[in-house]
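Reminder, nothing fancy here: chain letters follow the sequence lines and each chain counts from 1.
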Amino acid sequence: MLSSGKMDVRFKMACMALLSIVVLRADATGLIFLSILCLILRIYVKFPIIEFIRHLRYLGFLLLIVFLARALNVSFFSGDAGTLISIDQQGAVDGLLICWRLIILTFLGILWMITSSPSGIRTAVEWFCRPFPGLPGKQVATMMSLMVRFLPVIVEQARETIAAQQCRCIQNRKNPLYRTVKFSIPLLCRTLKTADRLADAMESRCYSPENSRPLALKSKRSDWLVLIGITGFCVLMICV
Amino acid sequence: MIPSSKPIIEVSHLSHRFSDGSQGIYDISLKIEKGEFVVVAGHNGSGKTTLFRHLNGLLTPNTGDVKVDGVSVSADVLRARQLVGLVFQDADSQIVGETVYDDVAFGPENLCLTPAEVNRRVTSALSAVGLEQLADQRPHRLSGGEKRRLAIAGILAMEPQVLVLDEPFANLDYSGMIQVLSQIVQLHQAGKTIILSTHDLDKTMGHASRLILMKNGSIIKDGLFEKVIHDVGCVGVKMPCTCQLETIYGENGE
Amino acid sequence: MIPSSKPIIEVSHLSHRFSDGSQGIYDISLKIEKGEFVVVAGHNGSGKTTLFRHLNGLLTPNTGDVKVDGVSVSADVLRARQLVGLVFQDADSQIVGETVYDDVAFGPENLCLTPAEVNRRVTSALSAVGLEQLADQRPHRLSGGEKRRLAIAGILAMEPQVLVLDEPFANLDYSGMIQVLSQIVQLHQAGKTIILSTHDLDKTMGHASRLILMKNGSIIKDGLFEKVIHDVGCVGVKMPCTCQLETIYGENGE
Amino acid sequence: MKSTKQLRMMVYASLFAALTAAGAFLAIPIEPVPIALQNLFVFLAGLLLGARWGVWSIAIYLLTGALGLPIFAGGTGGIAKLAGPTGGYLLGYLPAVFVIGILSEKLPKKPFFSVFAISAGTLIVYACGVPWLKAVTGMAWPKALTAGLYPFLPGDALKIAAAVPIARILKEFIRR
Ligand SMILES: Nc1ncnc2c1ncn2[C@@H]1O[C@H](COP(=O)(O)OP(=O)(O)OP(=O)(O)O)[C@@H](O)[C@H]1O
Ligand SMILES: Nc1ncnc2c1ncn2[C@@H]1O[C@H](COP(=O)(O)OP(=O)(O)OP(=O)(O)O)[C@@H](O)[C@H]1O
Ligand SMILES: O=C(O)CCCC[C@@H]1SC[C@@H]2NC(=O)N[C@@H]21
Ligand SMILES: [Mg+2]
Ligand SMILES: [Mg+2]
C-alpha cells in the first residue's frame, strides 16, 4: 500500500508527522518497535540502500560527536589528577538513543523524498493550509514551487559569472571581501531581473493570489487504513 | 480573410511615459482585424515591447485607450489577458512549472477551470506545438526551439484569440527557427490573429499580411507587407534578402 | 596575411566529456595563425562554446591539448587568459562594475597594473568601441548593442592577442549589429586574431578569411570562407543570401 | 495594481529563498556546525525585501527544507535537521530576518544603520542557535561556544561587510 507513490500525499504527510513526533519521544523499547516498522516499510518501498548510506555518511560524524559529547566526561578542573577523561555510562546510553533517533528520522526522510513528487507535496501543503483562514495556502504552495524553479537558474548563472570573471583574471585577487562583493552583485542583478520577467509572465497568465484552483487529490480506503494503523501505533507507543 | 465589422484590437492615441521619465511610446493609433498576421519592426528601443505590454494590461496607458474585442483593457484586465496571449522575448524566464505539463497547466488552472477541462486544454496545446512526447520532461532540459514552443503552448492553453509574440526567433538556430515559424503559420491558418515583432524580416516574408514600422516610440509606416517592406531602410531594419533578390530579378527581367 | 612560423593557437586531438556524461567535443585538431579571422558555425549544441572555453582554460581537456602561442594552456592558465580574450554569448553575465568605466577597469586591475596604466587601457578600450561618452553610466541602463560593446571593451582592456567572440550578434538590431561588426573588423585590421561563432553567416561574409563547420562535437569542414560556405547546408546552418545572390548572378552571367 | 506589486514581491521572496538554499550548498563542513553562506542571504532578504516579505522568504525556505528537500547546509534536509544540532540557527533566521527588515525600514537609509540592523539579526541567530546546540548535544557552555560561535565570527564579519554594499547597489533593481 505504502509502496506505490500512489498513496495520497496528505495521508503520507500526516503519517510522517506523527512518526516524527513519536520518534523524538520514544525510549529504547519504542525505538525497537520503530526500527521494525522501518524495516517493514523498507520491504514495501524499494530504494537503493546506497542512498541511505550516503546520507548517513554525512550524518555519521555528527552522530559521533553527539555520542562522544554525551558519553565522555571531560574533567579539566576536577581535583584528582588521575583520569581526565572518563566514560559516563548513563551518558553513553543517552548518546546512543539520540543517535538512534536521528538515524530513524533520516530513514523516514529518505522514504518521504523518494515517494513524493514536488508537485504532490505542493498540492498537499495547499490542502493543509485550507482550514486555516489566515494562511494563504495557494501562496505558500506557489512560492515553494517558484523556489524549486529558481534553484537551477541560480546555479547556472553563478557558474557563468564565475567563468566570466575568471576570463578577466579574478584569481589574482586574494581579498575575499572584494571577491564576494564582485561576485554577488552581478549574480543577484541577473537573478532579480529573471524574477522580474517571471512575475510579468505569471501576471499575463492570469495568476492572482486570491482565486484558488481545485486540488486534484483523492483518498482511497487503503490510505485511511494506513493512517489509522499508524495513529494506533503512535498512541500505543506514547502510552507505553 | 474577410474583416469582421469589429476590430479585435483597437488602439487609440496611446502614449506611455515610464516613471523614470523616458518616453516609451507616443500617440499610437492602430486597428487590427480578426485573423490578420501583423509584423512589427523597429530599432532597439523603438517601443515594440512597450506597445505589446499595453495589449494585455501589463502596462497601463498614460493617455489614450486600448480596446480588445470592443472592451477597454483597463475595464476588464482579466478578459484582455484571456483574449490576448503574450509570449515574451525570453522563453527561459517564462517557465513556471516543474514539468512541461505543469507549466502549460499553470494558465488554465488560474482560470479556475475544472480539472478535466484543464487537462483537455493542456493536451491540445501540447499537441498543437508538437510537444506531447515531452509532457513529463523538466523544462530546463529542453532545447532552445522546444522551450520557445513550450512558451507558446503555455499561452495557447489559455485559448486566446490573439497571439502576440515578442521576437520569437531570438537566440534560435536555423532549425529551431523553422520549427517555431511553422508553428506560428499553422496557428494563423487555424484562425488566430498573430502579432509579432522581429529584427529579421526575412523570416516572416511570405506569411505576414501587414507590416508596421516603429521608430522612437511612434508608428511611422503601416500597411501591406509587400508595400511597406521597401521602406524598412529608414528605421534601421535590414531589408530582407528575398526582397533584394526580387529587386534584382526585376531589373534583370525588364 | 603571411602566416608566422608558430601558430597562435594549436589544438590537438581535443576531447571533452561533461561530468553528466554528455560528449561536448570529440577529437578536435586545429591550427590558427596570427592575424586570421575565423568563423565557427554549427547547429545548437554542436560544441562551439565548449571549444571556445578550452582556449583560455575555462574548461580542461579530457584528452588532447591546447597550446596558446606555443605554451600549453594547462601549464600556464593565467598567460592563456591574458593572450586569449573570451567574450561570452550573454553580455549581461560579463558585467561586473557599477559604472561602465569600473567595469572595463575590472580586468586590468586584476592584472595588478599601475593606476596610470589601468586608466590608459580603459580609455583606449572605451574609445575603440565608441563608449567614451558613457563612461559614467550604469551598465544595466545601456541598450542591448551598447552592452555587447561594453563586454568587448572589458576584454580589450586586457590587451589580448586573440579575441574569441561567442555569438556576438545575438539579440542585436541591425544597427547594433553593424556597430559591433565594424568594431570587430577594425580590431582585425589592427592585427588581432579574431575567432567568432555565429548562426548567421551573412554578417561576416566578406570579412572572414576562414570558416569552420562543426556538427555533433566534431569539425566536419575547415577551409577558406568562400569555399566552405557552399557546404553549410549539411550542418543545418542557413546559406547566406549574399551567397545565394552570387549563385544566381553566376547562372545569369554565364 | 496592488496585486501586481504583491505578485512581484512574492516572486522576489521565492528567489531569496532559493538563494538562501544555494548559500547552504556553499558550506565548509566543519563539525558540528558548518560555515555556510546562508546567513548572508538572510541579511540581504531583510535589507532588500523588508520585514514582511523577508519573513515569507525564510519561512518558505525552512518549510521546504523541513518537508525533505535537501536545501540545508551540505545538501541535507528533513524535519530531523530542524530538530538536530543546527536547528536553532535555522529557526533563528526567522526572527532575525524580521528584525533586520523592521530596523532597515524604520531607520535612516545609511550604511551605519544597515550594519547595526544586520548585527542585531546576527545576535538573534546565535541567541537561538548556541543554546539549542548545547541542549541537543549536551555540551557544556564553553564547548558549545567553541563549536557554535567563535569559528564563525570572522566569516560573519565578512558577510556583514559584504551585505551592506551589495544591498545598496541592488536596491534600485527591486521594483516595488
Ligand atoms: N521599465 C522601463 N523603465 C524605463 N524605461 C524603459 C523601461 N522599459 C523600456 N524603457 C524605455 O522605453 C523605450 C522603448 O523600449 P522597448 O523595450 O519598448 O523597445 P523595443 O522596441 O522592444 O526594443 P528591443 O528591440 O530592444 O526589444 C526605450 O527607450 C527603453 O529604454
Ligand atoms: N555544463 C554542461 N554540462 C553538461 N553538458 C553540457 C554543458 N555545456 C554544454 N553541454 C552539452 O555539450 C554539447 C555542446 O554544447 P555547446 O554549448 O558547446 O554547443 P554550442 O555549439 O555552443 O551551441 P549553441 O549554438 O546553442 O550555443 C551540448 O550537447 C550540450 O548539451
Ligand atoms: O544546518 C544548517 O543548514 C544550518 C547551518 C547554520 C550555520 C550557522 S548560521 C550562523 C553561523 N555562521 C556560519 O557561517 N555558520 C553558522
Ligand atoms: Mg523588446
Ligand atoms: Mg554556444
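- Within 6.0 Å of NZ on A:K193 lie more than 12 heavy atoms contributed by other residues, nucleotides or ligands.
- When heavy atoms are compared at a cutoff of 4.5 Å, B:N119 does not approach chain A at all.
- Counting heavy atoms of neighbouring residues, nucleotides and ligands inside a 6.0 Å radius, atom CG of B:D136 does not exceed 12 of them.
- Remark: A:M202 CE to B:N110 CG distance equals 7.5 Å, nearest 0.5 Å.
- Counting all heavy atoms, side chain and backbone alike, A:R205 lies closest to B:V104 at NH2-CA, 4.0 Å.
- If you measure heavy-atom distances from A:R149 to chain B, the contacts under 4.5 Å come from the side chain alone.
- Residue A:E203 is tested with B:L86, B:V77, B:L58 for a side-chain contact (heavy atoms from CB on, under 4.5 Å); the sole match is B:L58.
- In this structure, CD in B:E98 is found 9.5 Å from CG in A:L146, a value given to the nearest 0.5 Å.
- Closest heavy-atom contact between A:L198 and B:S93: CD1-O, 3.1 Å.
- Minimum interatomic distance between B:F88 and A:S204 (heavy atoms only, all atoms of both residues): CE1-OG, 3.4 Å.
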For the pair B:R53 and A:D200, evaluate side chain to side chain contact (heavy atoms under 4.5 Å, CB included) and give the outcome as yes or no after the intermediate values.
CA-CA 10 Å; B:R53 283 172 174 240; A:D200 282 339; 3.0 Å; yes
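- Considering SG of A:C206 and CD of B:Q82, their distance stands at 5.0 Å, rounded to 0.5 Å.
- Counting non-hydrogen atoms of neighbouring residues, nucleotides and ligands closer than 6.0 angstrom, the CZ atom of A:F33 reaches no more than 12 such neighbours.
- Heavy-atom contacts from other residues, nucleotides or ligands closer than 6.0 Å to CZ of A:F183 number more than 12.
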